[in-house]
Asker: 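Can you keep this structure in mind? I'll have questions shortly.
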Number of protein chains: 2
Amino acid sequence: MENQKRSAGRPAKPILNRQLIAQRALDLVTASGLDSLTMTQLAKKLGVAASALYNHVDNKADIVLLIQDALVSQVSLQGMQRLIAQQATLEEALHDWALSYRAVFAEYPSLIPTIAVTAVSESPKTLHMYNTVAQALASAGIPDAQVIKVIVAFESFLFGSALDVDAPSTIFDTDDVTEDSAWLDRVVKASRTKSAPAIDGTDADARNQYADPPFQFGLTALISQTMSLVEA
Amino acid sequence: MENQKRSAGRPAKPILNRQLIAQRALDLVTASGLDSLTMTQLAKKLGVAASALYNHVDNKADIVLLIQDALVSQVSLQGMQRLIAQQATLEEALHDWALSYRAVFAEYPSLIPTIAVTAVSESPKTLHMYNTVAQALASAGIPDAQVIKVIVAFESFLFGSALDVDAPSTIFDTDDVTEDSAWLDRVVKASRTKSAPAIDGTDADARNQYADPPFQFGLTALISQTMSLVEA
DNA sequence: ACCTGAACACCGTTCAAGT
DNA sequence: ACCTGAACACCGTTCAAGT
């Protein structure tokens, strides 16, 4: 970015701060995934030496946490807030949250494995989201002791679904039909004729066009199972 | 492993082969995840120079595929085969498959992101598994055009659930109760009193003890939704 | 306090040289 | 064909030196 070389030594005004680092890091991950986020590349984008980053963050994992926190804050809590205010149903709230959650993280599949194992205490925005969802579910009549179970079940499905969006749409294609692929071929073809457009290799969007029906199917399953938990 | 140094040049008998490489690679991943699988470490375990590996595999991704294939073959297809033979119900078959699938991959969470986006044609055992499941579901009366949808929905949930097993059991613990964590704290505590043993730090198994109820919950949801698809 | 630049211990992969 | 060892272009992170 900045090309005029800076001499060593403390600059008059700090060049970096955590927010700026997080912003540029997110840019890199947005462009081409977590693998393209390297301290070297990030430093280059910021116009500093890689070692300068360590004045502001502990390590690379610290940066990933910053990114995560920024992303979680993009998840819509509107439905849940409306549920708390008794302006939406449990079903509506779950649907809104799930769609938004999946949409956000489907853009960043490479972050999902990290997110899945990150403790909420490490990410304030994540904590806030869970807290809101917990309040909403509890106030909708789900017994306290079952709320976490529901949240985790949804999340597992949402993580997996977000990974799935990143899969190639040719994931079930087989090279040639053998005994080991005959049935798979048959059901894959049957799925296609339902809705999908013809496959022209020019499809600009490489994302998995077959990801949506399974998502809707699973989401419906989870929502109706959740509604059965509501106490009178 | 082997300590007597070998001089350069082609050995009388080949030292490596793909199967041996896959076996040792799986050992490394089993011990401490995909990150600990490096060409250097793997070569050391095999008693060769890292560059020797490239006589047998294309690259590291190729090795990961070999591992994947070996793992998929551990997933139980018994239930599905019994369903095909009309010796098990759809519900039993789905339950058996899902439990086994999750159990296998919960041991290897670091592989899940890769598995989720790997095309079946790249992994013969994976192809075989999907083909069997597809045949079983179709023969149980699920319309051809819906089979893939069901499989992908299950898989999304299974991938996410397997990631969840790897999460620390303290994932929902908060450092101190603030306004942003009050509800979460409450429902987490309510979950604990139900079943969990007191937390003594000496717990040998660091895996997430809270992962099972959500898994059962989601699985039940998916199974009953699936059964509703069966044609008369 | 906050930067640069050299250094360290790694990576994955390529390739000439050896048998 | 199948190995070794040097080499290349990277990593993340540390640290002395500069202001």
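Below, chains carry the letters A, B, ... as their sequence lines are ordered, and counting in each starts from 1.
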Asker: Give the dot-bracket string for DNA chain D, reading 5' to 3', where a pair is Watson-Crick or G-U wobble with both distances under 3.5 Å, ( ) marks pairs inside the strand, [ ] marks pairs crossing earlier ones, | marks a partner on another strand, and . marks unpaired.
Answerer: ||.|||||...|||||.||

Asker: Which residues pass the ring pair (Phe, Tyr, Trp, His ring centres under 6.0 Å) test with B:F154, not counting sequence neighbours?
Answerer: none

Asker: Hey, does the side chain of B:H56 come within less than 4.0 Å of D:dA1's phosphate (OP1/OP2), counting only N and O?
Answerer: no

Asker: Does a side-chain N or O from A:R6 land closer than 4.0 Å to OP1 or OP2 of C:dT4, or not?
Answerer: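 Yes, within the criterion.
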
Asker: Summarise protein proximity over nucleotides 7-13 of chain D in one line of letters, 5' to 3': B for base, S for sugar-phosphate only, - for none, counting protein heavy atoms closer than 4.0 Å.
Answerer: ----SSB

Asker: In chain order, what residues pass the side chain to side chain contact (heavy atoms under 4.5 Å, CB included) check against B:E122, with sequence neighbours excluded?
Answerer: B:L65, B:T118, B:A119

Asker: Pairs of donor and acceptor atoms involving the side chains of residues 50-63 of chain B, under 3.5 Å and at least two apart or interchain, shall be tabulated with distances.
Answerer:
residue: B:N55; atom: ND2; partner: B:A52; partner atom: O; Å: 3.3
residue: B:N59; atom: OD1; partner: B:A61; partner atom: N; Å: 3.2
residue: B:N59; atom: OD1; partner: B:D62; partner atom: N; Å: 3.0
residue: B:K60; atom: NZ; partner: B:L37; partner atom: O; Å: 2.7
residue: B:D62; atom: OD2; partner: B:R18; partner atom: NH1; Å: 3.3
residue: B:D62; atom: OD2; partner: B:D58; partner atom: N; Å: 2.9

Asker: Map B:P11 and B:A52 onto DNA chain C by nearest heavy atom, then report which one ends up closer to the 5' terminus.
Answerer: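 Per heavy-atom nearest nucleotide, the more 5' residue is B:A52.
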
Asker: Counting side-chain heavy atoms from C-beta on, which of D:dA1, D:dT4, C:dC3 comes nearest to B:A49?
Answerer: D:dT4

Asker: Can you check the B:N17 CG to D:dC3 C1' distance for me, whole Å?
Answerer: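 Rounding to the nearest Å, CG of B:N17 and C1' of D:dC3 are 15 Å apart.
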
Asker: Return the nearest nucleotide to the side chain of B:P14; candidates are D:dT4, C:dC3, D:dC2.
Answerer: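 Looking only at heavy atoms from C-beta outward on B:P14, the closest nucleotide is D:dC2.
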
Asker: Nearest whole Å is fine: how far is D:dC3 C1' from B:I21 CD1?
Answerer: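 Interatomic distance, CD1 of B:I21 to C1' of D:dC3: 12 Å.
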
Asker: Checking A:D96 now: which residues fulfil side chain to side chain contact (heavy atoms under 4.5 Å, CB included) with it, not counting sequence neighbours?
Answerer: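 A:D96 satisfies side chain to side chain contact (heavy atoms under 4.5 Å, CB included) with A:S76, A:Q78 only.
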
Asker: What residues, two or more places apart in sequence or in another chain, satisfy ring pair (Phe, Tyr, Trp, His ring centres under 6.0 Å) together with A:F159?
Answerer: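 Once residues adjacent in sequence are excluded, A:F159 has no partner under the ring pair (Phe, Tyr, Trp, His ring centres under 6.0 Å) criterion.
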
Asker: Does A:Y101 have any ring pair (Phe, Tyr, Trp, His ring centres under 6.0 Å) partners at least two apart in sequence or in another chain, and if so, which?
Answerer: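 Ring pair (Phe, Tyr, Trp, His ring centres under 6.0 Å) check on A:Y101 returns A:W97, A:F105.
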
Asker: Rounded to whole Å, please give me the gap between CG in B:L46 and C1' in D:dC2.
Answerer: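 B:L46 atom CG is separated from D:dC2 atom C1' by 14 Å.
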
Asker: Is A:D212 salt-bridged to A:R102, cutoff N-O under 4.0 Å?
Answerer: yes

Asker: Examine distances only and state if a side-chain atom of B:S110 and a backbone atom of B:L34 form a donor-acceptor pair shorter than 3.5 Å.
Answerer: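 Side chain of B:S110 to backbone of B:L34: a pair is present.
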
Asker: Which residues satisfy the side chain to side chain donor-acceptor pair (under 3.5 Å) test with A:T114, sequence neighbours excluded?
Answerer: none

Asker: Whole-Å distance between D:dC2 C1' and B:N55 CG?
Answerer: 5 Å

